[in-house]
*Asks:* 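Shown below is the structure under consideration.
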Amino acid sequence: MIRFLTILAVALTTLGAAELTVDQTWSRASPPGAMNGAVFGVLTNPTASEDRLVSAACDVAREVQLHTVETDANGVKAMRQVPHIAVPAAGAVVLKPGSYHIMLIGLKRPLVAGEKLPVTFTFTTAGARVVQVPIGETAATGPTAEKCPLCDEKDKQAAKAP
Amino acid sequence: MNSSRKSTPTASATPFRWRFLLVGSAVLCGFAAVGITLGLLVRQAGAQVTQSHLAFTLHTADGQRITAREHPRDLLLLYFGFTFCPDACPTTLGLLSRVMQGLGPDAKRVQVAFVSIDPARDTPARLKEYLAAFHPDFISLGGTQEEVDAAARAFEVIYRRTPPLAGPDTYGFDHTDLVYVVDRSGRQIHTLGTHLKDEDAVDRLRRSLIALGAAECCHHAPSSAQARLRAAGVTATPSSAPSPAPSTATASPAAHPVPQPASQENP
């Protein structure tokens, strides 16, 4: 009950702000020689209409794309580029391993644990958001499982593990 | 019940409690017979499972041969991936890295091995550097294309190359994202994956190690191949030397010299 009230309070506060947010972002240090990296986080849309993440930019990579991972019945994972990531009205989307993520292709320099990565998220309605994404250890899991008042219950449980 | 009663000619003449006892013991005998038969069937099925082991041959970066039954530690954890893999592989290797930490001293009984499905780009040097970023004891296993394909088939791993993302050298793979746990008898006893919590994966491995520890102490002498591998140790990193024998109660070949049985594997 207390948990529910807390969630409600956080949700109301977020709704009060009534503005799309990008938070709980994280990335992982790139192993030596790795050419690619990924950025994760939570996109929360407290407004009354759907918004869309249409692009992301970061000067550390030659190219930045929006991706998702599909897993078939045999457990085969397939990463696919998507044209946009829809963030439903009064809802949230978790970018996480094994699901939606921002893909950094062709790293110009390694991602170093402890540093921050400036990433620009561009939305159809909310416009551009520049976020300083903290880089964790190579084996890090992100904070995205912890709090996400507008996420589906299913999404929250699965936020750490795809 | 009814049929047993009718089939006993003396039933009507026998006092009630005797009749009851006779019928009761007949039923019990019947249950016992069925039970023993089932037990034997199950045991036979079990023996067949024990005999079947996975057929694959791969090699470490130093050319050491690894098969389902010839591997240097009590458990071999195999993962098929590629170093250019941006999402699934680092996530799963991260899980394995945390699991190794969670195992504490038992981590020395577990060998994590990464099989590259992308030998064109994954050179031995690159693999070594990449894996060391996750854990100093992780090793890579490779082989000819046929050998890698055969190993993938043995575990029913599926992988297929996908078109480049941006530029000619940015192709990827769709692939099965699971870790296969192989014991000393060459059987796959578990799969692990990022759907598991760290502590659940640790728990599974720890329970398997306890079971294997008991089995190894009392029933199996290490085969000559295993002894050879243990003596050689895992040479992935200098940090894993100089004591290759697992720090457990399992019989080490040095402490218990046994008559060398004829190796069932080809050298």
Side-chain angles (χ1 to χ4, degrees), chain A residues 26-40 61-82 95-107 110-113 135-142 144-145 157-162, chain B residues 80-101 114 121-123 125-135 138 155-160 162-178 191 193-198 200-201:
Chain A
W26 61 289
S27 184
R28 294 182 286 221
S30 52
M35 294 297 293
N36 304 321
V39 170
F40 313 100
R62 267 196 292 126
E63 179 151 343
V64 181
Q65 296 180 354
L66 308 179
H67 278 240
T68 191
V69 175
E70 290 157 8
T71 308
D72 74 9
N74 296 316
V76 178
K77 290 195 177 161
M79 202 178 69
R80 296 285 176 264
Q81 188 178 4
V82 292
L95 312 184
K96 61 185 185 231
S99 180
Y100 287 118
H101 57 273
I102 289 164
M103 173 86 181
L104 310 173
I105 301 160
L107 292 174
L111 306 179
V112 180
I135 302 172
E137 298 295 327
T138 304
T141 54
T144 41
Q157 283 164 9
K160 253 189 190 172
Chain B
F80 294 75
F82 61 111
T83 69
F84 283 67
C85 165
D87 183 63
C89 309
T91 306
T92 303
L93 288 171
L95 168 83
L96 291 175
S97 162
R98 297 189 304 276
V99 164
M100 289 292 268
Q101 280 171 17
F114 183 89
R121 291 183 299 186
D122 287 341
T123 60
R126 184 188 171 83
L127 282 162
K128 188 174 177 178
E129 223 184 13
Y130 176 82
L131 293 170
F134 292 94
H135 196 280
F138 287 5
F155 291 96
E156 297 180 359
V157 165
I158 298 166
Y159 64 91
R160 44 181 179 259
T162 55
L165 293 166
D169 210 25
T170 59
Y171 63 86
F173 291 87
D174 296 346
H175 63 111
T176 315
D177 180 32
L178 286 171
T191 52
T194 45
H195 57 283
L196 292 177
K197 286 183 185 162
D198 294 3
D200 293 339

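Throughout, a chain's letter reflects where its sequence line sits, starting with A, and its residues are numbered from 1.
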*Asks:* Among A:E70, A:K77, A:R80, find the residue that satisfies the side-chain contact (heavy atoms from CB on, under 4.5 Å) test when tested with B:D174.
*Replies:* A:R80

*Asks:* Any chance you could measure B:F84, atom CZ, to A:I105, atom CD1, to the nearest 0.5 Å?
*Replies:* 12.5 Å

*Asks:* Determine the minimum heavy-atom distance between B:R126 and A:G33, stating which atoms define it.
*Replies:* NH2-O, 2.6 Å

*Asks:* Quick one: of B:T176, B:D87, B:L95, who has the most non-hydrogen atom pairs under 4.5 Å with chain A?
*Replies:* B:D87

*Asks:* Going by atom types alone, do A:R28 and B:T91 pair a side-chain donor with an acceptor below 3.5 Å?
*Replies:*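 There is such a pair between these side chains.
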
*Asks:* Pick from B:E129, B:R160, B:E156: which one has the most heavy-atom pairs with chain A under 4.5 Å?
*Replies:*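 Most heavy-atom pairs under 4.5 Å with chain A: B:E129.
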
*Asks:* Taking all non-hydrogen atoms of both residues into account, name the closest pair between B:G94 and A:A139 and its distance.
*Replies:* CA-CB, 3.6 Å

*Asks:* Quick check: closest heavy atoms across A:T138 and B:A133, and the distance to 0.1 Å?
*Replies:* CB-O, 4.0 Å

*Asks:* Do B:R98 and A:T141 pass the side-chain contact (heavy atoms from CB on, under 4.5 Å) test, and can you show the C-alpha distance, the side-chain angles, and the key distance before you say yes or no?
*Replies:* CA-CA 10 Å; B:R98 297 189 304 276; A:T141 54; 3.4 Å; yes

*Asks:* At a heavy-atom distance under 4.5 Å, which candidate from B:L131, B:V157, B:L165 has the highest pair count against chain A?
*Replies:*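 Answer, by heavy-atom pair count under 4.5 Å with chain A: B:L165.
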
*Asks:* For B:F82, check ring pair (Phe, Tyr, Trp, His ring centres under 6.0 Å) against everything at least two apart and list the hits.
*Replies:*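 Listed in chain order: B:F173, B:H175.
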
*Asks:* Where on B:L178 is there a heavy atom nearer than 4.5 Å to chain A: the side chain, the backbone, both, or neither?
*Replies:*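 For B:L178, no heavy atom lies under 4.5 Å from chain A.
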
*Asks:* Please look at A:Q81 and chain B and tell me whether the side chain, the backbone, both or neither of the residue comes under 4.5 angstrom of a heavy atom of that chain.
*Replies:*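 Contact with chain B involves no heavy atom of A:Q81 at all.
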
*Asks:* Not counting sequence neighbours, which residues clear salt bridge (charged side-chain N to carboxylate O under 4.0 Å, His left out) with A:R62? List them please.
*Replies:*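 Salt bridge (charged side-chain N to carboxylate O under 4.0 Å, His left out) check on A:R62 returns nothing, list empty.
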
*Asks:* Between A:P31, A:A38, A:S30, which residue shows the highest count of heavy-atom pairs closer than 4.5 Å to chain B?
*Replies:* A:P31

*Asks:* Looking at A:E137, I want to see if its CD is surrounded by more than 12 non-hydrogen atoms of other residues, nucleotides or ligands under 6.0 Å.
*Replies:*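 No.
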
*Asks:* Given heavy-atom pairs under 4.5 angstrom as the criterion, report whether the side chain, backbone, both or neither of A:M79 touches chain B.
*Replies:*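 Both backbone and side chain.
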
